[in-house]
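Just below is one structure, and these are the notes that go with it.
Ligands are counted one by one from 1 in listed order, and the atoms in each one are counted from 1 as well.
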Amino acid sequence: MSVIYVDNNATTKVAPEVMEEMLPYFNEYYGNPSSMHTFGGMVEHKIVEARERLAKLLGASPEEIIFTSCGTESDSTAIRAAILSNPDKKHIITSRVEHPAVKNLYEYLSKNGYRVTFVPVDRKGRLDLDYLHKNLGEDTAIVSIMWANNESGVIFPIEEIGEVLKEKGIVFHTDAVQAVGKIPIDLKNTAVDMLSLSGHKLHGPKGVGALYVRKGTKYSPFMIGGHQEKGRRGGTENVASIIGLGKAGELAAANLLDENIRVKRLRDKLEAELLNRIPNSIVNGDIENRLPNTTSIAFEYVEGEAILLMMDEYGICASSGSACTSGSLEPSHVLRAMGVPFTAAHGSIRFSLSIYNTEEEIDFIIEKLPPIIARLRELSPFWKKAQ
Ligand code: PLP
């Protein structure tokens, strides 16, 4: 079956260049990078290279990069490190639209001795900065705000927030899992203390991530074990995947300008044509300030899951809300936090493109989707009532 994959915020295809670079490290150069022998050293130097490549993508120093097993581990490590380093501070802040990797940890902490502030967003998914600033206190241990939202694609003002937090001496973590590789990031010019990223969102492999920890930031490891990662993350390195992540970072840096302009053009075409051809369709989120690859469109009075199933028959892969919440029929917490009305939230579909999408694929979706929505609306009592 030919697949038209526009679900790249859920996961991405591993780039062929990434695969190629990883393969020898499964069964040819399979040494342990910690070993003293030359064979192990042949692996060690590739990990050094991966760290340098990733650091370059982020405007960081290689020693500020810690490899982890995924974005979720990076988020957990950062947040736990901040609270362990500030044991007297019992207040923590995040936004209401974080990925479950942050949201669910904050909810856990709220039941275990922490006072949590969830900063709201407006109808366009923009963060309420005044609310954030008003809630900063002497006892705030950490603020964790995502760089870009995985569902709406809305980008948050990380540089601005960082400046305020730096002045107050509050640890600032950002979940940049969706931002890295899609928009330029230069950590030298921001006051971010810790940043999480994940390999499988930028054409690297699954099961590998990284945490940036600014030099001088108080840190304690989450995975306590061996001396790997300078004692900051125990466990034998996932060698091939780390090498793949490094390569993916290098490719992302090279593609950041040209390819993302092409992706944005395709995204804009898809969005404009769907809005034009399908009545009662609305974009969720701030169209002025979004990731170049993402559009979340609400098709009112139809069920998102039904749309997904019918698109699936044509091999079109998209997502209703976030991939992690599909399987449940509740509208996503992100759309609810944005105040998207029930009839629109239920029919919201996220299209997230990548550098591998073609104009023909976009044209195919533009052709197939309007009749799908029309057919579903014929069956919808809500649609009939609204006419
Ligand atoms: N944070 C965001 C914003 C995400 O979109 C995701 C994955 O969807 C994660 C964290 C979790 O990353 P991982 O799947 O690598 O654990």
At the 4.0 Å heavy-atom cut-off, does E73 count as touching ligand 1?
no
Less than 6.0 angstrom from the centroid, inside 45 degrees of the normal: does K46 satisfy that with respect to the ring of Y29?
no
Using a 4.0 Å heavy-atom threshold (strictly under), name the region of [X] that reaches ligand 1: side chain, backbone, both or neither.
X: M146; value: side chain
X: T72; value: both
X: K201; value: side chain
X: E98; value: neither

Of K206, H99, E151, the residue with the heavy atom nearest atom 4 (C) of ligand 1 is H99
Ignoring hydrogens and angles, state whether a donor on the side chain of S348 or N284 is under 3.5 Å from an acceptor on the partner side chain.
yes
Show which atoms of ligand 1 fall inside a sub-4.0 Å distance from at least one heavy-atom site of [X].
X: N150; answer: 3 (C), 5 (O)
X: Q178; answer: 3 (C), 4 (C), 5 (O)
X: S198; answer: 13 (P), 15 (O)

Between E229 and R232, does any side-chain N to carboxylate O distance fall below 4.0 Å?
no
Is E73 salt-bridged to R233, cutoff N-O under 4.0 Å?
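A salt bridge links E73 with R233.
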Using a 6.0 Å cut-off, check whether atom NZ of K56 has over 12 heavy atoms from anything other than its own residue.
no
Step through the shown structure and confirm whether more than 12 heavy atoms of other residues, nucleotides or ligands are within 6.0 Å of CE on M19.
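It does not: M19 CE has 12 such atoms or fewer within range.
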Taking K182 as the fixed residue, which of T294, N8, N260, N9 is the one that meets the side chain to side chain donor-acceptor pair (under 3.5 Å) rule?
N9
